[in-house]
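Protein chains get the first letters and strands the later ones, always in sequence-line order, with residue 1 at the start of each.
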Protein chains: 2
Amino acid sequence: MAGLEHELDAPPWKRVESTLMAMARAIRQAYEDRFARLDLNLAQASMLAFLFESGPRSQSRLAAQLGMGRASAGLVVSALEKRGLVERRPDPADGRTRLVALRPAGEALVRPILEIDEILRSELRTGISRAERQRLAALLLRLQDNLSGVLADRPD
Amino acid sequence: MAGLEHELDAPPWKRVESTLMAMARAIRQAYEDRFARLDLNLAQASMLAFLFESGPRSQSRLAAQLGMGRASAGLVVSALEKRGLVERRPDPADGRTRLVALRPAGEALVRPILEIDEILRSELRTGISRAERQRLAALLLRLQDNLSGVLADRPD
DNA sequence: ACCAGATCGTCTGGTACTTTACTAATTCAG
DNA sequence: CTGAATTAGTAAAGTACCAGACGATCTGGT
């Protein structure tokens with residue numbers, strides 16, 4: 001069909017970059033929808049899952065490793081804490097940080113979170129081979145490189 | 001063999017989907033940064049460029065074709081209108097819609113917008129062949145299909 | 001001519017996220 | 001030990017987006 005290379009020659013608002021952004025939004029939306037069943041949003045679910053894998057962490061580390069700002073991480077932790085899913089406890093080694101740790105109620109949510117993630121991912125990869133996914137991952141990393149270069153040399 | 005499928009087998013917050021979302025955010029940010037020189041954001045620049053290509057359009061059509069909600073499109077148009085870049089004029093054929101049309105000041109911005117876009121895109125495609133980009137586009141479309149299927153059968 | 005349903009645009013409220021500024025605690029130079 | 005610079009976390013204001021509700025207008029059937 002005509003669609004594909006047309007897609008690449010198309011005007012700015014309909015090109016690969018836009019498609020990529022639209023896809024990202026759609027994927028995010030799909031995750032948000034599904035996690036809504038657990039009364040969680042994507043950021044909250046990711047944080048719970050990450051805490052489960054990594055053990056207690058300071059907020060700054062969580063922020064860095066989940067790719068969000070420190071302020072956002074603080075909001076997410078506060079929301080989870082209010083529901084008793086995590087707790088903030090003092091760090092014996094450093095008085096200005098407090099370690100965020102899973103509480104039992106939060107740990108109980110990890111399994112359904114991982115299940116939802118697994119199901120959605122399997123739906124997403126319908127008709128896409130493992131090799132293709134690997135190529136996609138590699139390409140995205142390449143894009144990432146280019147982009148960080150681009151962002152670096154803005155002297156502005 | 002460590003690198004690639006590791007990326008695919010990695011935990012949720014570090015997998016392809018996440019990378020894709022992060023990339024999309026980064027690309028968006030890069031566009032926002034560059035268009036800031038013209039005192040435009042990405043949505044505004046896209047709308048100007050699109051109006052240039054397509055001629056006057058109703059807001060609903062603009063919204064649909066730029067992939068945003070009607071309300072958002074209205075805000076973008078209002079912002080552009082306030083600066084005299086576009087105008088809303090009555091549609092002779094339909095009393096409830098008003099056609100959004102470029103004004104000279106807006107038309108003058110189209111060239112720099114397209115230039116900025118062209119430059120950023122060329123920086124992004126460093127080290128990525130045309131064939132790879134085509135594959136990427138095809139893959140994204142496939143993902144899009146899977147996702148719309150997924151969203152469709154939520155009877156919830 | 002008229003009513004019912006669909007569509008357009010706007011407004012409101014809610015969510016998510018970022019930036020900036022501020023407080024508190026640590027570290028290190030002297 | 002004291003004071004400046006650094007780092008962790010919080011708080012407030014601002015931006016962007018979307019969904020839902022609403023009034024106005026068009027369409028089609030009668």
Charged N-O contact under 4.0 Å between R142(B) and E132(A): yes
Carboxylate-amine/guanidinium contact E123(B) R34(B), below 4.0 Å: yes
OP1 or OP2 of dA25(C) versus the side-chain N and O atoms of T97(A): is any pair under 4.0 Å? no
Base, sugar-phosphate or nothing for S78(A)? Non-hydrogen atoms, less than 4.0 Å. nothing
Nearest whole Å is fine: how far is dA25(C) C1' from R98(A) CZ? 12 Å
Rounded to whole Å, CG of L66(B) lies from C1' of dA16(D) at a distance of 16 Å
Not counting sequence neighbours, which residues clear salt bridge (charged side-chain N to carboxylate O under 4.0 Å, His left out) with R125(B)? List them please. E118(B)
Examine dT10(C): is either OP1 or OP2 under 4.0 Å from a nitrogen or oxygen in the side chain of R88(B)? Give yes or no. yes
Could you check how far CD of Q59(A) sits from P of dA8(D), rounded to whole Å? 11 Å
Pairs involving residues 56-73 of chain B, ordered by first then second residue, that meet salt bridge (Lys or Arg N to Asp or Glu O under 4.0 Å) (sequence neighbours left out): none
Separation of dG23(D) C1' from R96(B) CZ (nearest whole Å): 13 Å
Identify whether the distance between the nearest side-chain nitrogen and carboxylate oxygen of E32(A) and R28(A) falls below 4.0 Å. yes
Tell me the interatomic distance from M21(A), atom CE, to dA16(D), atom C1', rounded to whole angstroms. 15 Å
Expressed in angstrom and rounded to an integer, what is the separation of D39(B) atom CG from dT15(D) atom C1'? 15 Å
Steps toward side-chain hydrogen bond (donor to acceptor under 3.5 Å, both in side chains) verdict (Y31(A), D117(A)): CA-CA 8 Å; Y31(A) 272 109; D117(A) 175 63; 2.8 Å; yes
Picking from L99(A), V76(A), L80(A), what satisfies side-chain contact (heavy atoms from CB on, under 4.5 Å) with V86(A)? L80(A)
Starting from P on dC17(D), measure out to CE on M47(B) and report it in whole angstrom. 10 Å
Atom-pair distance (CZ on R57(B); C1' on dC8(C)), nearest Å: 16 Å
Which protein N or O atoms sit under 3.5 Å from an N or O of nucleotides 16-22 of chain C?
from	atom 1	to	atom 2	distance (Å)
dA16(C)	OP1	N41(A)	ND2	3.1
dC17(C)	OP1	R28(A)	NH2	2.2
dT18(C)	OP1	R25(B)	NH1	3.2
dT18(C)	OP2	S72(A)	OG	2.9

